[in-house]
Amino acid sequence: MENQFFEQRTDLSQLNNAITTIREAVGKVIVGQEQMLELMIAGILADGHILIEGVPGVAKTLSAKLMAKLIDADFSRIQFTPDLMPSDVLGTSVFNPKEASFQFKAGPLFSNIVLIDEINRAPAKTQSALFEVMEERQVTVDGTTYQMSVPFMVLATQNPVDQEGTYRLPEAQLDRFLFKIEVGYPSLEEEVIILQNQHQADNRFLLNEITKILSASDIAQYRETIRSIVVEQKLLEFIARIVHETRNNPSLFLGASPRASLAIVKASKAFAAMRGRDFITPEDIIEVTPHVLRHRIILTPEKEMEGITADELVDRIIKSLEVPR
């Protein structure tokens with residue numbers, strides 16, 4: 001009777017097998033960066049967009065391209081530049097002389113996986129073109145609304161160091177990203193392995209050998225599985241308390257919105273499923289919360305001058321609360 005009580009309520013074997021296959025495929029091309037990979041997989045499962053921040057050369061774009069190659073879906077890449085116009089991203093109406101009418105010509109945003117390189121290089125008017133599609137999965141052009149195909153996911157990269165010719169992303173747009181992944185340098189051991197691998201084989205050839213692992217129907221099925229992950233009431237209250245604390249913290253100029261609470265729930269469910277569980281634990285919440293909140297909160301100027309980071313402040317907030325058991 002006791003064994004039946006603890007029996008898994010949701011079958012996660014197929015999902016876990018797919019994740020294991022993805023990890024093995026990525027490991028053939030990219031050394032290290034396990035956390036970035038985990039968060040990217042969680043983003044796909046949780047139906048969220050991802051912002052990847054790191055200095056040039058740490059495999060941000062390569063990782064995004066690799067994830068796209070593992071999914072049997074359409075992929076497009078947009079290089080954001082200061083002269084990019086909204087129509088260059090969304091598409092525009094073109095006059096057809098044969099039919100004497102305007103026809104909509106879809107832009108590169110109409111794809112399943114959209115990689116936006118250096119997203120902070122485009123001005124505000126181009127950034128605003130992403131607001132509707134990132135939240136509602138639809139685009140409105142000339143009064144006509146076009147639905148995006150499923151799955152739809154934006155993977156965006158930005159460089160935190162180079163400020164020349166860049167624009168700060170609006171808070172409303174940052175809030176639409178499920179995660180902000182901060183990618184650091186590899187360790188000494190990892191860099192030696194990178195050099196050995198590059199000496200023996202070119203990454204471009206390794207990318208060509210990558211086969212599709214997930215189909216659009218697989219992703220839809222796994223997302224349904226994620227939604228069925230059990231979340232106890234006390235854990236929902238724990239998430240709400242964390243986010244509520246960001247709005248009342250004297251060190252913060254801007255706290256997180258209810259969208260952040262929903263994002264923590266979705267991300268925690270994805271992490272639980274990736275760990276082979278059909279229920280979330282406080283550890284899942286604590287693990288995902290920094291990646292969900294770091295781009296949604298703004299520190300006061302005094303705290304920024306002291307050198308305190310958003311991650312440190314989130315860690316303090318979590319430690320100040322009683323973790324439910």
Side-chain angles (χ1 to χ4, degrees), residues 2-23 34-51 67 151 153 175-182 214 218-247 255-297 310-311 313-325:
E2 188 176 348
N3 291 336
Q4 291 179 354
F5 180 78
F6 288 104
E7 189 176 340
Q8 192 89 342
R9 289 151 290 194
T10 306
D11 184 13
L12 299 171
S13 57
Q14 188 178 352
L15 186 151
N16 291 138
N17 289 337
I19 291 172
T20 301
T21 308
I22 289 172
R23 286 197 181 107
E34 286 87 1
Q35 186 183 68
M36 176 170 63
L37 174 61
E38 291 272 293
L39 292 168
M40 290 176 76
I41 295 173
I44 293 170
L45 297 176
D47 190 15
H49 309 295
I50 295 176
L51 177 63
M67 291 304 297
M153 181 182 189
D175 200 32
R176 284 163 166 77
F177 285 102
L178 177 68
F179 294 134
K180 179 183 178 184
I181 306 174
E182 293 185 343
L214 296 177
D218 289 334
I219 293 173
Q221 176 189 335
Y222 296 152
R223 285 176 177 175
E224 282 299 318
T225 302
I226 296 298
R227 292 188 188 99
S228 67
I229 299 294
V230 177
V231 186
E232 293 184 20
Q233 179 66 27
K234 61 183 180 181
L235 294 181
L236 292 176
E237 293 171 359
F238 181 49
I239 293 170
R241 285 202 305 272
I242 293 172
V243 175
H244 184 75
E245 282 297 314
T246 66
R247 301 169 194 158
S257 70
R259 187 187 277 144
S261 305
L262 296 170
I264 293 174
V265 173
K266 290 199 301 183
S268 298
K269 285 183 175 183
F271 263 65
M274 291 165 65
R275 304 290 188 266
R277 286 182 274 101
D278 63 353
F279 58 93
I280 75 168
T281 65
E283 287 71 27
D284 295 323
I285 296 169
I286 293 169
E287 188 172 2
V288 304
T289 295
H291 309 289
V292 173
L293 292 186
R294 64 166 61 109
H295 56 295
R296 289 181 161 96
I297 59 177
D311 284 7
L313 201 55
V314 169
D315 185 57
R316 290 181 189 178
I317 289 173
I318 292 174
K319 288 179 178 176
S320 70
L321 299 172
E322 183 180 354
V323 179
R325 295 295 174 188

Practice task
Any chance you could measure I318, atom CD1, to T289, atom OG1, to the nearest 0.5 Å?
Solution key: 4.5 Å

Handout entry: Spacing of CD1 belonging to I44 relative to CD1 belonging to I22, to within rounding of 0.5 Å
Key = 6.5 Å

Exercise for the section: Please round to the nearest 0.5 Å and tell me the distance separating atom CZ of R227 and atom CG of D47. Expected result: 7.0 Å

Problem - Qualifying residue for side chain to side chain contact (heavy atoms under 4.5 Å, CB included) with I285, from V292, I239, V323 - result: I239

Handout entry: Side-chain heavy atoms of L178 within contact of L39, under 4.5 Å
Key = no

Practice task
Report the distance from atom CG of L214 to atom CE of M67, rounding to the nearest 0.5 Å.
Solution key: 7.5 Å

Problem - Residues, nucleotides or ligands: over 12 heavy atoms within 6.0 Å of E232 CD - result: no

Practice task
Using the salt bridge (charged side-chain N to carboxylate O under 4.0 Å, His left out) rule, pick out the option among K266, K269, R275, R277 that qualifies with D284.
Solution key: R277

Handout entry: Backbone N/O of D175 and side chain of H295: donor-acceptor pair under 3.5 Å
Key = no

Handout entry: Side-chain heavy atoms of T225 within contact of L12, under 4.5 Å
Key = yes

Exercise for the section: Could you check if a side-chain atom of L235 sits within less than 4.5 angstrom of a side-chain atom of P282, using non-hydrogen atoms only? Expected result: yes

Exercise for the section: Examine distances only and state if a side-chain atom of R294 and a backbone atom of K180 form a donor-acceptor pair shorter than 3.5 Å. Expected result: yes

Exercise for the section: Heavy atoms only: give me the nearest I229-A273 pair and the separation to one decimal. Expected result: CD1-CB, 4.2 Å

Handout entry: Nearest-0.5 Å distance, CG of residue L51 to NE2 of residue H291
Key = 13.5 Å

Problem - Heavy-atom side-chain proximity of R176 to R259 below 4.5 angstrom - result: yes

Fill in the blank from the handout: Rounded to the nearest 0.5 angstrom, the OG-CD1 distance for S257 and I297 is 12.0 Å

Name the atoms and distances for all side-chain donor-acceptor pairs under 3.5 Å in residues 240-247, with sequence neighbours left out.
{"residue": "R241", "atom": "NH2", "partner": "E322", "partner atom": "O", "Å": "3.2"}
{"residue": "H244", "atom": "NE2", "partner": "N248", "partner atom": "ND2", "Å": "3.1"}
{"residue": "T246", "atom": "OG1", "partner": "V243", "partner atom": "O", "Å": "2.5"}
{"residue": "T246", "atom": "OG1", "partner": "A256", "partner atom": "N", "Å": "3.0"}
{"residue": "R247", "atom": "NE", "partner": "A256", "partner atom": "O", "Å": "2.7"}
{"residue": "R247", "atom": "NH2", "partner": "A256", "partner atom": "O", "Å": "3.4"}

Handout entry: Donor + acceptor pair across side chains of S228, D278 (<3.5 Å)
Key = no

Handout entry: Main-chain N/O of D311 paired with R316 side-chain donor or acceptor, under 3.5 Å
Key = no

Exercise for the section: Using side chain to side chain contact (heavy atoms under 4.5 Å, CB included) as the criterion, list what pairs up with A42, not counting sequence neighbours. Expected result: F179, A270, F271, M274

Practice task
Would you tell me whether S13 and N16 have side-chain atoms, one donor and one acceptor, within less than 3.5 Å of each other?
Solution key: no

Practice task
For residues I280 and V230, determine if any side-chain heavy atom of one lies less than 4.5 Å from a side-chain heavy atom of the other.
Solution key: no

Problem - Ion pair E38/R23, N-O distance below 4.0 Å - result: yes

Handout entry: Minimum side-chain heavy-atom gap I181-M40 below 4.5 Å
Key = yes

